[in-house]
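In what follows, a structure is listed as C-alpha cells, so that the remarks can point back to it.
Because the structure is predicted, anything quoted here is derived from the model rather than measured. Just so it is clear, the values below take in all heavy atoms, side chains as well, and ignore hydrogens, waters and symmetry mates.
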2 protein chains.
Amino acid sequence: MKSTLHIVGTGPGDPELLTLKAARVIAASPVVAWFAKRGRHGHAARIAAAHIAPGTETLRFEYPYTTEIPVDHPDYLAALPAFYDASAITCAERLDTGQDVALLCEGDPFFYGSAMYIFDRLAPRHCISVIPGIPAMAGCWAQAATPITHGDDVLTILPGTLPQTELERRLRDTDAAVIMKVGSNLPKIRAALEASHLLPRATLVDRGTMPGGSVTPMAQAAAAAPYFSLVLVPGRQGLR
Amino acid sequence: MKSTLHIVGTGPGDPELLTLKAARVIAASPVVAWFAKRGRHGHAARIAAAHIAPGTETLRFEYPYTTEIPVDHPDYLAALPAFYDASAITCAERLDTGQDVALLCEGDPFFYGSAMYIFDRLAPRHCISVIPGIPAMAGCWAQAATPITHGDDVLTILPGTLPQTELERRLRDTDAAVIMKVGSNLPKIRAALEASHLLPRATLVDRGTMPGGSVTPMAQAAAAAPYFSLVLVPGRQGLR
C-alpha cells in the first residue's frame, strides 16, 4: 500500500477554524511536519497542536532565515531551494518506509503556501492529497466584518512588494483588492491607495481570527505593520 | 442577553471541509437558515446536515428564480432585493425573541456570498458573527492538484460574465487567474484564454471536493459547463 503525503491547510489562526478533515488526518498521521521561523515553534503547529496524537513523530523544518532579512531578499531566495530540497527528502524518507506524513500549512496550502514547493518536488513520485484551508485573507475579512466582493466584482490579490506605480495602476483597475505582505511596504501601499482614491475604503488587518488580532482603518495606520498583515479594499457593493 | 446571527461558511462541498467552529455553532443554534434554489433542498443545508440537532427550527429561503433565467438577468436582479428584505426580516424576528440563528452559506460568506445581503441589512441593529469558510476556488485548486499562486504572483478573480475583450485584457495583465460563473460563458472564456495564450495552462473544475466533481483541461472542455464551475489559471511558478 502506497503511503500518502497529506498537505493540510490549518486555516488563518483560530484553532477552531481547522476543518473536520484536517483534524482527522492530523490525528491519524504517524508523522506530522511543518515549517517554522528560526527560534519559533511554528505557527501551523500551534494551530494544530490539540490534534497531534501522543507518540507522533514531528518534523520541524526551520527556514534558513527569519525576519532579519526580508523574504524577497536575494540571499533568502538563494537559500530556499536547497532548504525545500532537504525538507522534501526528509518527507520522502518517511513515505518510502510506508508512513503517511501530514505536512501542515497555515492558511490554504496552494495559495502562496510554502508547502507548494514540497508538492512540486514530490508530486512526480509520491501520492499527495491536498486538504484546502481557509486562507488568511478570509479570516481577515470576517474579523473586519467587511464583505469583500458582491455580484460581478473583480477582485485583485496584490503583493505589497510591487512598485508603488504598479500598485496604483492595479488598484485603479479593480473593484476590490487584497494587498498581502504589508510590513515595511505600508507607507508605499498607503500612498498608492491615496493616489487611487481608495484610502477611505481600505482596512489594515493583523492576525485575523487570532488573539491580539487588530482591525485599523488604513487612514489611521502607523508607518509599518507586521509582514503578514493584510490590507482589504472591499468591492463596489453593487446589488443590495 | 443579545442574540447573535452567526453567518456560517460551509466550505466548498465536502461535509468534512466544514470547520470545527462551524460544526459547533450549527449544532448549538436553535434556528438554522439557508438559501436554496426553487425545488432543491439547498446545497449548504446538505453540507451541514449531520450537525443540525433534532428539533432545530429550519428556515429555507427559496430564491425567486432558479436556473430558468441567468442570475444576472434584469428580472432576477429586480426580484432579489425584496427577497433579501423578507429573508432578513424572518431572521430578525427570531433574533428579537432571543434566539440565535445560524445562516449557512456555501464557500466563504463574504466572498460573493448571498449571506452578505442579509449582513448588510441586519448589521446596523443586530449582533453578527461571521465564521469564514473555505471558498469554492480553494476546493477546486486542491482537487485539481494545481498550486495557484507562488511568491509575488498577482491573482485576479474574474466573473465569466465580463465581455470577452475585458476578460482578455485582464488575463494578459495578471500572473494567475480564477474565472467564476462559467456556465454558458464558456466559449467566450475559452476564446479569451486562447487570445491571451493561456489556454494550455487553464483547467476547468466542476463541483470541486464533491462526489462527481471533475477536472478537465480547458483545451478539451465542452461548449458549456455548470454555472458554478470555475476556470483556474495557475501563476508563473517563479521560485522553486
Given heavy-atom pairs under 4.5 angstrom as the criterion, report whether the side chain, backbone, both or neither of [X] touches chain A.
X: Phe119(B); value: side chain
X: Asp175(B); value: neither
X: Ile128(B); value: neither

Rounded to the nearest 0.5 Å, how far apart are [atom1] of [X] and [atom2] of [Y]?
X: Thr209(A); Y: Lys21(B); atom1: OG1; atom2: NZ; result: 8.0 Å
X: Gln143(B); Y: Phe110(A); atom1: CD; atom2: CZ; result: 12.0 Å
X: Thr156(B); Y: Ile157(A); atom1: OG1; atom2: CD1; result: 8.5 Å

Do the non-hydrogen side-chain atoms of Thr19(A) and Glu16(B) ever get within less than 4.5 Å of each other? no
Taking the side chain as every heavy atom from C-beta outward, state whether Asp173(A) and Arg169(B) have any pair of such atoms under 4.5 Å apart. yes
Considering only heavy atoms and a distance below 4.5 Å, find which of [options] pairs most often with chain A.
options: Pro109(B), Gly151(B), Gly139(B), Ala23(B); answer: Gly151(B)
options: Val178(B), Val130(B), Leu18(B), Ile7(B); answer: Leu18(B)
options: Ala145(B), Pro135(B), Ala177(B), Gly160(B); answer: Ala145(B)

Could you pull out the closest heavy-atom pair between [X] and [Y], with the gap in Å?
X: Leu155(B); Y: Phe111(A); value: CD2-CE1, 3.6 Å
X: Val154(A); Y: Pro159(B); value: CG2-CD, 3.9 Å
X: His150(B); Y: Asp120(A); value: NE2-OD2, 3.3 Å
X: His51(A); Y: Leu20(B); value: NE2-CD1, 3.7 Å
X: Ala138(A); Y: Pro132(B); value: O-CB, 3.7 Å

Contacting region of Met180(A) [heavy-atom separation from chain B under 4.5 Å]: neither
Side chain / backbone / both / neither for Leu162(A) at chain B, heavy atoms under 4.5 Å: side chain
Starting from the C-alpha separation in whole Å, work towards a yes-or-no answer on side chain to side chain contact (heavy atoms under 4.5 Å, CB included) for Asp152(A) and Lys181(B). CA-CA 9 Å; Asp152(A) 280 351; Lys181(B) 306 187 178 181; 2.9 Å; yes
So Leu17(B) and Ile131(A), side chain to side chain contact (heavy atoms under 4.5 Å, CB included) or not? Walk me through it. CA-CA 8 Å; Leu17(B) 293 178; Ile131(A) 304 176; 4.0 Å; yes
Between the side chain of Tyr112(B) and the main-chain N/O of Asp153(A), is any donor-acceptor distance below 3.5 Å? yes
